[in-house]
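Accompanying notes for the structure given below.
Lettering follows sequence order; numbering is per chain, from 1.
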2 protein chains.
Amino acid sequence: MCTLNTEDKILNAAIVLFSQKGFTAVTTKEIAKVAGVSEMTLFRHFESKQNLFEKAFDKFVFSPKFLALFEGLEWDLERDLNKICSSYQDILCKNQKIILMHFKNEELNPNFDAALFRFPNEFKRLLDYYFEEMRNRGAIRENPETLAMSFLATNLGLFITSLVMNKLTFETDIQTCISSCVKIFAKGITG
Amino acid sequence: MCTLNTEDKILNAAIVLFSQKGFTAVTTKEIAKVAGVSEMTLFRHFESKQNLFEKAFDKFVFSPKFLALFEGLEWDLERDLNKICSSYQDILCKNQKIILMHFKNEELNPNFDAALFRFPNEFKRLLDYYFEEMRNRGAIRENPETLAMSFLATNLGLFITSLVMNKLTFETDIQTCISSCVKIFAKGITG
DNA sequence: CTATCATGTTAGTTCCTACTAACATAAGTT
DNA sequence: AACTTATGTTAGTAGGAACTAACATGATAG
């Protein structure tokens, strides 16, 4: 049933555990156990815990094509923002583990910061462009950069909310929340 | 210059380090050094690292009076939401360290979950009430609970944004972003 | 002055963790 | 059959971290 090769099994186990507990709190023995291999095999393949961490990071770090998010737009605020937001949520969600892993190991690997913060930065710049264009078209009047940042913040909020959803006693599901937020946002900036 | 008593010095150092690195990654020696005391003194006062962690949590956990946020409302959407949002941001900001500390030690202390998740839950319930009342007054039409959740998500997003602000290459400051978000939200749900 | 108290210092114990060496095994290849 | 390759097992080392015991010191209170 499990046809993964050894390295993948280890990398998968590593990313799961690192994202749950952070680098220091996870032991190589634990990773090996979850991966279903012996600890020795882990070291044979990855030499050190640090190296395993980096390999796991490299393997799972996302390289989304942000530009693709901004193709096929209809220049209808709510529709466009809905599409953009859903795609961004999807990217964040797919990379949940690596984001959490990074967050729990902050000062451990400052060199990874750049890799991860490239994305909100890039996303923001494309949003800038979108809102700028929308203002040129007369759909909105506010400062495009402020709008871009507000929309980014909203997106991060939705992501965090979906992460902690199970800890909260809410009835509304996240999808409803996402469309609600986008709808409100689109309506709120129109005119 | 530093008139803090020993226990406070240690607790302060502990919360800072735990929030930066998480429980496991911090050593008692490190805490003692930052506190400016000997490691022995730390153990004399707190007996164990675990106990120190719990004492730090207890000392710094916030007990905001959420009801106070909802007093003196003017039943003007933008004004009220601005006030509510600012206060909530303030609470989150003041308790940044303990939130981060908790986040980085997730499965280490599930018993603390309840303590921390009480707040978004409570905040959400009061928002429910506010939007319900606003609907009764005819100011809004949407489902109050969905609105409450959307507004909570927006608030969390603003908080996260302010946390990672220094890692992002944005020009807009967080205050502008907050008022922009609230303004958009208020306008977006009116009618 | 003396007793007390909080703190520092030093040395040490115990345990855990990253990591290694050496040998065993089992499957596949030639 | 002999060899290779990937893995497991067992035992072990080295270092670090939590935590302790015993003694030293310096300030304060009576």
Side-chain angles (χ1 to χ4, degrees), chain A residues 1-59 101-102 104-112, chain B residues 1-59 101-102 104-112:
Chain A
M1 49 170 207
C2 181
T3 57
L4 288 175
N5 71 34
T6 305
E7 294 210 351
D8 283 338
K9 282 195 287 184
I10 296 171
L11 286 169
N12 286 337
I15 195 109
V16 168
L17 289 169
F18 283 142
S19 68
Q20 279 173 356
K21 306 186 169 190
F23 182 79
T24 326
V26 176
T27 67
T28 49
K29 185 182 281 186
E30 200 178 358
I31 297 171
K33 191 176 175 187
V34 170
V37 301
S38 86
E39 200 182 353
M40 194 59 227
T41 301
L42 183 154
F43 281 107
R44 267 195 273 253
H45 281 277
F46 295 99
E47 286 172 7
S48 74
K49 185 185 176 186
Q50 180 69 34
N51 185 47
L52 170 59
F53 180 88
E54 286 167 23
K55 289 284 154 38
F57 188 93
D58 288 344
K59 176 173 178 190
M101 177 167 109
H102 179 263
K104 296 197 181 179
N105 294 289
E106 225 165 327
E107 77 303 328
L108 195 76
N109 44 336
N111 42 325
F112 293 151
Chain B
M1 50 168 208
C2 181
T3 57
L4 289 175
N5 69 36
T6 304
E7 296 210 349
D8 283 338
K9 282 194 288 187
I10 296 171
L11 286 170
N12 288 337
I15 195 107
V16 168
L17 290 170
F18 283 141
S19 67
Q20 279 174 356
K21 308 186 170 190
F23 183 78
T24 326
V26 175
T27 68
T28 50
K29 185 182 281 187
E30 200 178 358
I31 297 171
K33 192 177 176 186
V34 170
V37 301
S38 85
E39 199 182 355
M40 194 60 226
T41 301
L42 183 154
F43 282 107
R44 268 196 273 253
H45 281 279
F46 295 98
E47 288 172 4
S48 74
K49 185 186 178 187
Q50 180 68 34
N51 186 46
L52 170 59
F53 180 88
E54 286 168 23
K55 290 283 153 41
F57 188 94
D58 287 345
K59 177 175 178 189
M101 175 168 110
H102 178 264
K104 297 197 182 180
N105 295 287
E106 224 166 328
E107 77 304 328
L108 195 77
N109 45 337
N111 42 324
F112 292 151

Using the salt bridge (charged side-chain N to carboxylate O under 4.0 Å, His left out) criterion, which residues pair with A/E30? Sequence neighbours excluded. A/K21

What is the distance from CG of B/L42 to P of D/dA17, rounded to the nearest Å? 14 Å

Residues in side-chain hydrogen bond (donor to acceptor under 3.5 Å, both in side chains) with A/S48, at least two apart? none

How many whole angstroms separate atom CG of B/D8 from atom C1' of C/dA6? 16 Å

How many whole angstroms separate atom CD1 of B/I31 from atom C1' of D/dA18? 11 Å

Distance in angstrom units between B/K33 NZ and C/dG8 P, rounded: 15 Å

Not counting sequence neighbours, which residues clear side-chain hydrogen bond (donor to acceptor under 3.5 Å, both in side chains) with B/S38? List them please. B/T41

Could you check whether A/T41 gets within reach of a base, just the sugar-phosphate, or nothing at all, counting any heavy atom under 4.0 Å? sugar-phosphate

Interatomic distance where NZ belongs to B/K9 and P belongs to C/dT7 [whole Å]: 8 Å

Non-neighbouring partners of B/F46 that pass side chain to side chain contact (heavy atoms under 4.5 Å, CB included), sequence neighbours left out: B/E7, B/I10, B/L11, B/N51, B/L52, B/K55

Paired with B/F23, the side chain to side chain contact (heavy atoms under 4.5 Å, CB included) test is passed by just one of B/K104, B/M101, B/K49, namely B/K49

List in chain and number order the residues that pass salt bridge (charged side-chain N to carboxylate O under 4.0 Å, His left out) with B/D8, two or more places apart in sequence or in another chain; answer none if no residue qualifies. B/K59

Could you check how far CZ of B/R44 sits from C1' of D/dT20, rounded to whole Å? 11 Å

Using atom CG of B/N51 as one end and atom C1' of D/dC19 as the other, report the distance to the nearest whole Å. 13 Å

Separation of C/dG8 atom C1' from B/H45 atom NE2, nearest Å, is 12 Å

Check nucleotides 12-20 of chain C against the protein and report each pair of N or O atoms closer than 3.5 Å, with its distance, or say if there are none.
from, atom 1, to, atom 2, distance (Å)
C/dA18, OP1, A/V26, O, 3.3
C/dA18, OP1, A/K49, NZ, 3.0
C/dA18, OP2, A/T28, N, 2.9
C/dA18, OP2, A/T28, OG1, 2.9
C/dC19, OP2, A/K49, N, 2.6

